[in-house]
Amino acid sequence: MDYQFKDIEQKWQKFWADHQTFKAEDKSTKPKYYVLDMFPYPSGAGLHVGHPLGYIASDIFARYKRLKGFNVLHPMGYDSFGLPAEQYAIQTGQPPALTTDTNIATYRRQLDLLGFSFDWSREVRTSSPDYYKWTQWIFMQLFNSWYDKAANKARTINELAEHFEKNGSAGINADCDDDVLSFTAGEWQALSFEQRQTELLKYRLTYLRESTVNWCPALGTVLANDEVKDGFSERGGFPVEQKKMMQWSMRITAYADRLLTGLDTIDWPEPLKEMQRNWIGKSVGASVKFQIAEPAKAALAAKGMDELIEVFTTRVDTIFGATFLVLAPEHELVSALTTAEQKKTVEKYISQTQKKSELERMAEAKVVSGAFTGSYAINPVNGEKIEIWIADYVLAGYGTGAVMAVPSGDQRDYLFAKQYKLPIIPIIDIQKIDEQADPTKDGRYINSGFINGMTYKEATATLIARLEETGAGKAKVNYRMRDAIFGRQRYWGEPVPVYFKDGLPYLLAESELPLILPEVDKYLPTESGEPPLARAKDWKYKPALEPGELYDYELSTMPGWAGSSWYWYRYMDAHNDRKFASKEAIDYWKDVDLYIGGSEHATGHLLYSRFWNKFLRDMDLAPEEEPFKKLINQGMIQGRSNLVYRLIDELGRGTNTFVSFGLRNKYHTSPLHVDVNIVENDVLDIKKFKAWRPEFENAEFILENGKYVCGFEIEKMSKRYYNVVNPDDIASRYGADTLRMYEMFLGPLEQSKPWNTNGIEGVFKFLRKFWKLFHDEKLNFNVSADAPSKAELKALHKIIRKVEEDVERFSFNTSVSSFMIAVNELTDLKCNKKAILQDLVVVLSPYAPHICEELWTVLGNEAGTLSYQPYPVFNPAYLVEDEYAYPISVNGKTRMNLNISLSLEEEDIKAFVLANPAVQKYLDNKPERKVIVVRGRIVNIVV
RNA sequence: GCGGAAGUGGCGUAAUUGGUAGCCGCACCAGACUUAGGAUCUGGCGCCGCGAGGCGUGGGGGUUCGAGUCCCUUCUUCCGCACCA
């Protein structure tokens, strides 16, 4: 029989599904191995050939690990809450639950087509109530917890309340809001229930607080920092503005340091770790309080506001050079500090900066501007009165939104001082500040009071000690990362399991989970601007203990990353209705051994997942500090677009004539994208082109060599470039095994590379050639039981070793070429020995599972047993050579090869080579100066 | 501006430890077979040169008997961050 990939692939896909071949064992004596893919958002467009790249790699790895005797967990599911389904619902009125189900069905069909060894019995969908019940449950645990900095872990809020009850706020070192109160046990006991709840909310790991958020009017929702790119929403590209709103947040900053140090313990790509480090943005320095000078001080006091400005600095040693303070225009003290004379100037400046978009602010990075408030502050180390300015180079969102300006050491401060004629004081003896600031740390301090003459280290230590003594400051670590906003004013997400009573949030009872997402008539905000959930009829909390009472539910839903921040645990025990996963399951599977996915999740999903994992560990719900031991980013598969060149007439109008690629420069043309599916090897199928769109029906062509050659361009794979290649089409034409191997053959997994269907023939031919090893010329099955020859064993054992090495280092592309070499060699040897082919089938099976299952049974083995065969054992004895064709080079240039026995010693090799007349010819009668002999490698003669 | 990754034939790539640069495949060229075909098989295929030979891993320099690989320098592309105090 010929290689009938269609029948074979259907047959085995059905077999695997019917027999649950890849169901992972919950208990096993085998070692565990957890191979995870980042689960997809099921979009309406379905998969293109770029999407499965990582899934193919992980599948090969999972199948390989099964052969190596591991109990492999290799699950798949869907991150099925998200904006696109909701946008579609707004446009069409179709419920997102419905379109999501349809999309999932498409994804499943496409995934099945590729022969993945997923354990589908563990499938999860984040939008399913059985699943989001536990997302809500974890939210509740976070709400019920606070971060104890002393213990460096999260603890339950009850422990905190007990402490307050007994000892008041003394002795608590928490990561919490800035405005927490100090109180004694008695004072706490005297507080009302509501007052206590208000206070506790400031400590909870998920909390409600008025904060500045990224508001996207077009999407009608707030966005997290990682969902905003350059002032626009990542999804849709809509403008984003800053707005103050009451919002749910997650206190991820409590974990900043653990998130940072944990990076050193995991095997992730360095660039990805670096991105997370930058995102966390740790800087070590000091916070310093500058008292405000009269008369503004009295004015502030009258208003009950702080009479000081707190700044953060990484260079506290330069404080004697601080000649003014700069506040962000949004700083809360600005209006109170502005004097009557300066009011106009300041207000004008503020309105100017507000008008500027984020982008403009960045574009004008080198231009400084600002305004004087008219008020002064006192430098705490020398009592100097210095001016307080506002400027937009100071960011409200970083540090305290205020800086001490040291123009001699900081370039922005320097430019600002020059522009507004503010004093610049050199503070280090070797500083050169004639043209620009000099941030040096070398040299000795001058003009710096009690630190004069000290070095950087001494000065910093002395200053911090002095500041702490006088209460004017302290050493401080600052993080760029902010707490993550955790609410979205959208419909298609997890409802927050919270109701409101007297303006305070309370959790539902655990027994009331899941809080089901209610139906609504429309997916838009209400007229009064409330989120879509406000439209749900009769959706009120009716507590069992207070019959007749009705309370409002929280109306925002959870963000897209909620469901994906713990899903790898659900796969361990996907149907548990008592726990998010049983302790036994979690203790067995522990963590993800290999995680494959795109680098676009670097600062979103991967950071939030690490955060939730650390929290779950603090709660003794998870055993490991880090959830993903090894992570690989698969590269993007780019599209390869094809272009045709439309002839432009004298009047500049497009004609219906198209010029072939090579001739396009002889005419006036304009390029036009053409569907890659009607182009082969860059040659346009003219017939199909005419049928492609009605306006091309009568198209004419200027050909070269009788062909129309298209140009090409590498760009994103996208409908608008007509360069989308669908895996269904490829699989139906060449089969899944060919597609799997070709995707791997394209190049290193981590590298981005363009998809070009052209090369796929080579892989297809390879599989046919492999098939033919088992068959005679008439394609009848024909395998011999004879003992294999030395050459055949050598070919086999080369590939056994090569695949082992390649898979372990995720170099799948090199295995594919090695398979080709092995099959070429065996074909040349006319090898049809069962002893060879049977092992080869096992070795190839992770890459091309269908054809291998088929041949495995044809060889007489029990159907379906291939997936759990032991991987063949490499025997180096078969690779031992007794001769080697030494390359002989003269002065580093290879001149010839000489066959020399590998048993010869270096001296004998040298003599043998020099005795060779052909070698002597190259030496040209010159005496050799030196002969380098590396046994088994090379001989180099220096003359 | 800062940080990271990468530059090898017409194309995708290989070279695992400093040891024959271009494996494997596509495309292309020539040939065989043939119901002339988007099938199969054989051979060729880095560049220049008829050849001997020379040149060749983005450019320049260095270390070494020997460099795609190590060092310095420079250019280009991609990715991330970007007034971070």
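What you see below is based on every heavy atom in this structure, not just the backbone, and it leaves out hydrogens, waters and symmetry mates. Each chain gets a letter, A, B and so on, in the order the sequences are listed, and its residues count up from 1.
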Practice item. Send over the distance from Asn478(A) CG to A85(B) C1', rounded to a whole Å. Key: 9 Å

Check your understanding: Mind checking the C1' distance from G37(B) to G46(B)? Whole angstroms is fine.
Key -> 32 Å

Review point. 5'-most contact on RNA chain B: Glu680(A) or Ser599(A), nearest heavy atom basis?
Key: Glu680(A)

**Study point:** Shortest side-chain distance from Ile938(A), nucleotide among U16(B), A85(B), U20(B)
**Key:** U20(B)

Point to revise | Short side-chain to backbone donor-acceptor contact, Gln634(A) and Leu749(A), under 3.5 Å | key: no

Review point. Who passes side chain to side chain contact (heavy atoms under 4.5 Å, CB included) against Glu825(A), sequence neighbours left out?
Key: Ala795(A), Lys798(A), Ile821(A)

Check your understanding: Which whole number of Å gives the distance between the C1' atom of U63(B) and that of G18(B)?
Key -> 11 Å

Point to revise | Residue met sooner reading RNA chain B from 5', once Lys772(A) and Ile932(A) are mapped to nucleotides | key: Lys772(A)

Check your understanding: Looking only at side-chain N and O atoms, does Lys802(A) come under 4.0 Å of OP1 or OP2 in U16(B)?
Key -> no

Practice item. May I have the distance from Gln276(A) (atom CD) to G80(B) (atom P), rounded to whole angstrom? Key: 15 Å

Point to revise | Side chain of Val934(A) - closest among U16(B), A85(B), G19(B) | key: G19(B)

Point to revise | Spacing between Asn681(A) atom CG and G10(B) atom P, to the nearest angstrom | key: 18 Å

Point to revise | Candidate nucleotides G25(B), G4(B), A85(B), ranked by approach to the side chain of Val394(A) - the nearest | key: A85(B)

Exercise for review: Decide yes or no, distance alone: a donor-acceptor N/O pair under 3.5 angstrom between the base of U40(B) and the side-chain of Lys769(A).
Suggested key: no

Exercise for review: Please answer whether the main-chain N or O of Val931(A) pairs with a side-chain N or O of Asn940(A) as donor and acceptor at a distance below 3.5 Å.
Suggested key: no

Review point. Under 4.0 Å between a side-chain N or O of Arg480(A) and OP1 or OP2 of A82(B)?
Key: yes

Practice item. Evaluate the ring planes of His797(A) and Phe874(A), with Trp represented by its six-membered ring, and classify them as parallel (under 30°), tilted (30 to 60°) or perpendicular (over 60°). Key: tilted

Review point. For Asn824(A) and G25(B), is the shortest distance between a side-chain N/O and OP1 or OP2 below 4.0 Å?
Key: yes

Practice item. Measure the distance from CD on Gln751(A) to P on C78(B) and round it to the nearest whole Å. Key: 15 Å

Check your understanding: If you check the Arg895(A) side chain, which of G80(B), C24(B), G54(B) turns out closest?
Key -> G54(B)

Exercise for review: Take atom C1' in U76(B) and the same atom in U8(B), then report the distance between them in whole Å.
Suggested key: 15 Å

Exercise for review: May I ask you to decide if Leu767(A)'s main-chain N or O and Tyr3(A)'s side chain share a donor-acceptor pair within less than 3.5 Å?
Suggested key: no

Practice item. Could you give the distance separating G49(B) and A5(B) at their C1' atoms, to the nearest angstrom? Key: 39 Å

Check your understanding: Is the base of C65(B) touched by the side chain of Asn940(A) through a donor-acceptor pair closer than 3.5 angstrom?
Key -> yes

**Study point:** Heavy-atom closest contact (Lys753(A) atom, Gly747(A) atom, distance)
**Key:** NZ-O, 3.6 Å

Review point. For atom C1', what is the distance between U69(B) and A15(B), given to the nearest Å?
Key: 10 Å

Practice item. In whole angstrom, give me the gap between the P atoms of G22(B) and G9(B). Key: 14 Å

Review point. Using a cut-off of less than 4.0 Å, is there contact between a side-chain N or O of Arg768(A) and OP1 or OP2 of A39(B)?
Key: no

Review point. Under 4.0 Å between a side-chain N or O of Asn278(A) and OP1 or OP2 of A82(B)?
Key: no

Exercise for review: Please determine, for the side chain of Tyr398(A), which listed nucleotide (A85(B), U16(B), G19(B)) has the closest atom?
Suggested key: A85(B)

Study note, to complete from the structure: Per atom distances to the Glu805(A) side chain, the nearest of U16(B), G19(B), C83(B) is U16(B)

Practice item. Report yes if a side-chain nitrogen or oxygen of Thr894(A) is closer than 4.0 Å to either non-bridging phosphate oxygen (OP1 or OP2) of A21(B); otherwise report no. Key: yes

**Study point:** Spacing of the C1' atoms in U17(B) and C72(B) (rounded, Å)
**Key:** 24 Å

